[in-house]
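A short write-up of the structure that comes next.
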Amino acid sequence: MAERFFLTTAIDYVNGSPHLGHAYEKTLADALARYQRLCGRSVFFLTGVDEHGQKVQQSARALGLDPQDFCDRQSGLFRALWDRLDISFDQFARTTEPRHKEAVQSCLCRLQEKELLRFEEHEGFYSLRQEQFVTEKERVDGRWPEIFGEVVPMREPNYFFLLSRFGEQIRREIESRPDWIVPEFRRNELLAALRRPLQELCISRPRSRLAWGIPLPFDERYVTYVWFDALLNYVSFAREGEGGTWWPADLQIIGKDILVPAHGVYWPAILAALGLPLPRRLLVHGWWLNRGAKMSKSTGNAIDPLPYLDRFGSEALRYFLLREMTLGNDADFSDEKLLQRYQSDLANDLGNFAHRSLSMIARYRGGRVPGWIDSEAGQSERELASAFDEEAYRVAFDQGDTGTGLAVAWAFIGRANRYVDQAAPWKVARAPASEKRLDLILAILAETLRRIAILIEPALPRSSRKLLTELGVSEPPLLSRAVFAPPRESYSAGAPEPLFPRVEG
Ligand code: MSP
């Protein structure tokens with residue numbers, strides 16, 4: 001039986017529309033899911049949307065819509081974008097689905113039975129904009145920062161999850177797992193946070209203030225609040241068949257803003273309280289910035305991916321996002337950089353190699369790829385055959401480092417283009433008694449293109465499929481098939497179509 005691999009992404013708030021940051025995270029997850037499939041694993045890829053909370057309620061009200069209708073509409077926008085980007089998820093989580101609500105309620109009952117919830121009155125300051133209690137420590141020069149909006153004194157009884165009981169256990173567990181978080185500097189950040197005393201986590205809001213949430217099963221006056229509901233999607237949508245589950249996740253992909261405390265403290269504590277294992281690994285990515293600033297709905301600088309999809313196509317946007325971001329860091333988005341990658345890496349390197357190879361097979365051999373003739377192979381053929389560094393490719397993708405993984409694939413594409421220049425089939429074609437030599441070169445080009453088509457699959461699924469079809473390959477792409485194995489017999493290849501047509505600068 002194939003080895004299993006379960007990966008998740010953060011679920012996006014539906015109060016705004018999807019932007020480039022959301023598109024990056026889902027594309028990253030998709031490339032890693034495809035890479036795992038390429039390795040022959042059986043993959044379960046979960047993504048979705050976060051539909052409860054004050055902001056959704058407010059946004060719906062502002063449009064005069066019922067919150068559920070608003071969520072249906074917004075979720076549709078996310079799903080439509082994932083379709084255009086070829087995000088190959090297996091399950092789409094919506095936190096307003098009945099099965100999620102039931103799972104959350106059953107978890108709440110379990111915590112209540114285990115006496116891990118406490119009902120108590122909390123007195124403090126409350127941010128109306130962030131819809132949360134804030135502490136004196138958060139004041140800057142005696143004033144509440146802008147992001148909190150109006151802050152008012154408030155006294156309110158609520159349910160608290162006894163988070164502090166788990167701090168020590170989580171810290172020890174994370175300390176014992178050096179690769180639990182990628183990249184490593186994020187792990188240090190989390191461990192530093194876990195060394196400080198933890199406050200209990202308020203998990204409820206009175207229904208009178210927040211109606212749009214999941215009611216507490218033991219107290220109808222309250223609904224559960226954001227994180228407790230949202231985090232549990234990872235288990236409520238991981239069910240498999242009768243009573244089975246995909247949990248624990250092999251990989252959870254999140255942005256740097258939701259590591260501490262959400263996924264690094266609350267989530268491990270909730271899991272420990274429920275007696276469930278921790279995920280095997282967290283991959284924490286950085287942000288895409290718009291001219292140095294974080295994109296957000298409130299500042300109105302969010303980049304909409306749609307015009308880029310219209311202009312460059314999904315493959316180019318995927319490639320750019322996966323290649324240009326250094327894992328864990330932030331990256332600045334710009335039209336110029338995208339255009340440059342399009343022209344150099346896609347149109348020139350990959351597009352040219354594919355086009356040259358297939359059109360020479362069409363021109364010189366009427367579209368038949370010649371069989372392989374061992375005795376004709378020389379030094380440059382042998383060098384090209386061994387030029388792909390599979391180990392480096394695997395290490396990079398195993399770490400979630402798509403930029404490095406793609407750089408390894410592109411080094412091979414660069415080598416392939418140099419081979420064409422050196423072998424110069426157009427000269428060989430004119431030389432006398434060189435039929436066998438030309439056969440060999442064309443067979444090598446087709447074989448190299450077949451290997452490249454497999455290696456680009458995680459980032460460029462459409463181009464990969466197109467090339468494999470043109471080469472007459474019907475088997476699904478697998479990394480184990482990306483080894484050099486030229487066919488002994490000749491076979492037919494299709495006519496080349498340009499993969500990346502010219503776009504105007
Ligand atoms: N709903 C919560 C997550 C709950 S997970 C149980 C949330 N939603 S969000 O819509 O604000 O963000 C969703 C994901 O998108 C997060 O991982 C976040 O880091 C990521 N991004 C949001 N803006 C981003 C960029 N500008 N760049 C890259 N990713 C960013 O948080």
Side-chain angles (χ1 to χ4, degrees), residues 7-30 46-56 59 71 74-75 77-78 81-82 87 92-96 100 103-104 107 130-132 147 186 203 212-214 224-238 247 249 251-268 270-271 279 282-305 317 320-322 324-333 400 402:
L7 86 165
T8 70
T9 69
I11 51 172
D12 304 319
Y13 287 132
V14 292
N15 62 309
S17 301
H19 60 57
L20 193 90
H22 300 126
Y24 166 65
E25 180 175 281
K26 278 39 179 190
T27 305
L28 172 64
D30 182 64
L46 172 66
T47 188
V49 281
D50 191 351
E51 303 188 307
H52 286 127
Q54 181 80 3
K55 287 182 186 162
V56 173
S59 303
C71 288
Q74 291 299 106
S75 301
L77 296 180
F78 282 88
L81 181 61
W82 303 157
I87 307 299
F92 192 79
R94 292 187 58 183
T95 54
T96 52
H100 175 71
V104 169
C107 289
Q130 296 297 329
E131 192 48 20
Q132 66 181 34
I147 52 154
R186 297 277 174 217
I203 60 152
W212 192 236
I214 302 177
T224 188
Y225 187 60
V226 217
W227 284 108
F228 190 82
D229 156 20
L231 288 164
L232 283 168
N233 94 85
Y234 299 134
V235 291
S236 63
F237 288 94
W247 190 261
L251 187 67
Q252 295 212 268
I253 300 174
I254 54 167
K256 64 178 185 178
D257 51 323
I258 54 172
L259 171 65
V260 181
H263 286 79
V265 184
Y266 303 163
W267 184 221
I270 293 171
L271 287 168
L282 296 187
L283 176 63
V284 186
H285 63 77
W287 283 342
W288 280 95
L289 305 176
N290 184 354
R291 291 173 211 287
K294 183 177 188 239
M295 280 175 233
S296 78
K297 192 182 171 220
S298 48
T299 42
N301 68 345
I303 297 175
D304 180 358
L317 187 61
F320 177 75
L321 294 174
L322 296 169
E324 197 69 22
M325 171 75 88
T326 308
L327 186 69
N329 292 0
D330 291 345
D332 221 12
F333 185 84
T402 55

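Counting starts at 1 for both ligands and their atoms, in listed order.
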Expected output: side-chain S236 to main-chain H100 donor-acceptor under 3.5 Å: no

Ring center gap for H263 and Y234 short of 6.0 angstrom: yes

Qualifying salt bridge (charged side-chain N to carboxylate O under 4.0 Å, His left out) pairs with a residue from residues 225-237, counting only residues at least two apart or across chains: none

N or O contact, G255 vs ligand 1, cut-off under 3.5 Å: yes

Shortest protein heavy-atom distance from atom 13 (C) of ligand 1, along with the residue and atom involved: D12 OD1, 3.1 Å

Residues T8 and Q252: side-chain donor-acceptor under 3.5 angstrom: yes

Heteroatom distance test (E25, ligand 1): nitrogen or oxygen, under 3.5 angstrom: yes

Between side-chain atoms of residues 9-17 and protein atoms elsewhere (two or more places apart, or another chain), which donor-acceptor pairs fall under 3.5 Å?
unit_1: T9; atom_1: OG1; unit_2: T47; atom_2: OG1; d: 2.7
unit_1: D12; atom_1: OD1; unit_2: K26; atom_2: NZ; d: 2.9
unit_1: D12; atom_1: OD2; unit_2: K26; atom_2: NZ; d: 3.2

Proximity to ligand 1 by part of D257, non-hydrogen separation under 4.0 Å: side chain

Within-cut-off N or O pair, K26 and ligand 1, under 3.5 Å: no

Distance-only N or O hit between ligand 1 and I11, under 3.5 Å: yes

Lys/Arg N to Asp/Glu carboxylate O, K294 vs D330, below 4.0 Å: no

Contact check: D50 vs ligand 1, nitrogen or oxygen atoms, below 3.5 angstrom: yes

N or O contact, K294 vs ligand 1, cut-off under 3.5 Å: no

contact_flag W267 ligand 1 heavy-atom lt 4.0 Å: no

Distance-only N or O hit between ligand 1 and H263, under 3.5 Å: no

